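The structure appears below as structure tokens.
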Amino acid sequence: MGMLIRKLESIAFLSEEERQAIQNLPIRVQALRARQDIVRDGDRPSQCCLVLEGWAVRYKLLSEGRRQILSFHIPGDIPDLQGLHLHTMDHSLATLTKATVAFIPHESLLDLTTRYPTLAGIFWRETLIDAAIFREWVTSMGRRSACERIAHLFCELYLRLEAVGLASEHRCEMLVTQIELSDALGLTSVHINRVLKDLRQRELITLKSRNLTIEAWNELTRTSDFDPTYLHQRRPVA
């Protein structure tokens, strides 16, 4: 549960008693293959999923098979936390890569938040930040250019990874393929390829072997009009 504690401490203060209570949550750990559904649209789950290793995605699948990726999730995230109160899933959650996840019974999380009201507030804060990220994605889809969308997403993912100790010095794993970027950003794979090439030629990023280096952070944030306020992180940002 260390990744969950690290994630929550990136947005709020936890007491030692609260950290211990999280550590004591009953969990069932499971290794999953890449692109495996965890919970599907229409399901009524009785547990939440904590990502321990690997990446996951929320997505909607249209009737003709087209997919819209709604968000990317990294270790420390509980992508289906809203399932505590919204009992029917209105989207699907799947692994993006090979992943290790921990399943936490809803009843245990509800008991935790009843016994520790401050933790209930922190989980509520986490869902509000989740909504803030959705708002930023809607803004990107509606008003940002293709270059701005990709640059903005890279800045966001880097800071989220940095907050849980999985990135530093503007270097991180970038486990998203061009097809997945296409499904997330509403662009064709050809357009994604063209923009990535442009960002490399401008020496803003290096993207090789699923590793991202942001070569010019300030310029990349200016290019995408990136303001990290919506992530509401406690720790200083890059």
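Source: prediction; values computed, not measured. The basis for the numbers below is simple: all heavy atoms, side chains too, and nothing from hydrogens, waters or symmetry mates.
- Among residues two or more places apart in sequence or in another chain, the side-chain hydrogen bond (donor to acceptor under 3.5 Å, both in side chains) test is passed with S168 by none.
- The two residues Q36 and R33 come nearest to each other via the heavy atoms OE1-N, 3.1 Å.
- Taking hydrophobic clusters as Ile, Leu, Val, Met, Phe, Trp and Tyr residues chained together by side-chain heavy-atom distances below 4.5 Å, F123 does not share a cluster with V101.
- Using a 3.5 Å distance cut-off with no hydrogens or angles, the side chains of R40 and S92 do not pair a donor with an acceptor.
- Using modelled atom types, one finds no donor on one side chain facing an acceptor on the other under 3.5 Å when comparing S209 with N211.
- Distance check: L231 CG to Q233 CD gives 5.0 Å after rounding to the nearest 0.5 Å.
- Closest approach of L166 and C172 over heavy atoms only: O-CB, 4.3 Å.
- Nearest heavy atoms, S189 versus S182: N-OG, 3.8 Å.
- In this structure, R144 pairs ionically with E136, as a charged nitrogen and a carboxylate oxygen lie closer than 4.0 Å.
- How far CZ of R125 is from CD1 of I11: 6.0 Å, rounded to the nearest 0.5 Å.
- Pairing each heavy atom of I38 with each of L32, the nearest pair is CG1-CD1, 3.8 Å.
- Residues passing the side-chain hydrogen bond (donor to acceptor under 3.5 Å, both in side chains) test with E156 are W137, R160, Y230, sequence neighbours excluded.
- Between the CD atom in Q23 and the CE atom in M1 there is a gap of 7.0 Å [rounded to 0.5 Å].
- The side-chain hydrogen bond (donor to acceptor under 3.5 Å, both in side chains) search around R202 returns D198, T223, not counting sequence neighbours.
- Contact check on R143 versus E148 returns no salt bridge, with no Lys/Arg side-chain nitrogen under 4.0 Å from an Asp/Glu carboxylate oxygen.
- A salt bridge links D130 with R58; the closest basic N to acidic carboxylate O contact falls under 4.0 Å.
- Checking R28 against Q30 by side-chain atom types alone, a donor-acceptor pair falls below 3.5 Å.
- By the 4.0 Å N-to-carboxylate-O rule, R6 lies too far from E9 to be salt-bridged with it.
- Looking at T177 and E180, their side chains do bring a donor and an acceptor atom within 3.5 Å of each other.
- Atom CG of L153 and atom CD1 of I133 lie 10.5 Å apart (nearest 0.5 Å).
- Among all heavy-atom pairs drawn from W55 and T97, the shortest one is N-OG1, 3.0 Å.
- For S71 and H73, the side-chain atoms include at least one donor-acceptor pair closer than 3.5 Å.
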Run the numbers on E53 and K98 for salt bridge (charged side-chain N to carboxylate O under 4.0 Å, His left out), then give the verdict.
CA-CA 8 Å; E53 296 177 350; K98 288 182 179 179; over 6 Å; no

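- Scored by the side-chain hydrogen bond (donor to acceptor under 3.5 Å, both in side chains) test, R149 finds no partners at all (sequence neighbours excluded).
- Between E169 and Y158, the closest heavy-atom pair is N-OH, 3.3 Å.
- For the salt bridge (charged side-chain N to carboxylate O under 4.0 Å, His left out) test, no residue two or more places apart in sequence or in another chain qualifies with D43.
- The salt bridge (charged side-chain N to carboxylate O under 4.0 Å, His left out) search around R115 returns D111, not counting sequence neighbours.
- Atom CD1 of residue I150 and atom CD1 of residue I205 lie 8.0 Å apart, to the nearest 0.5 angstrom.
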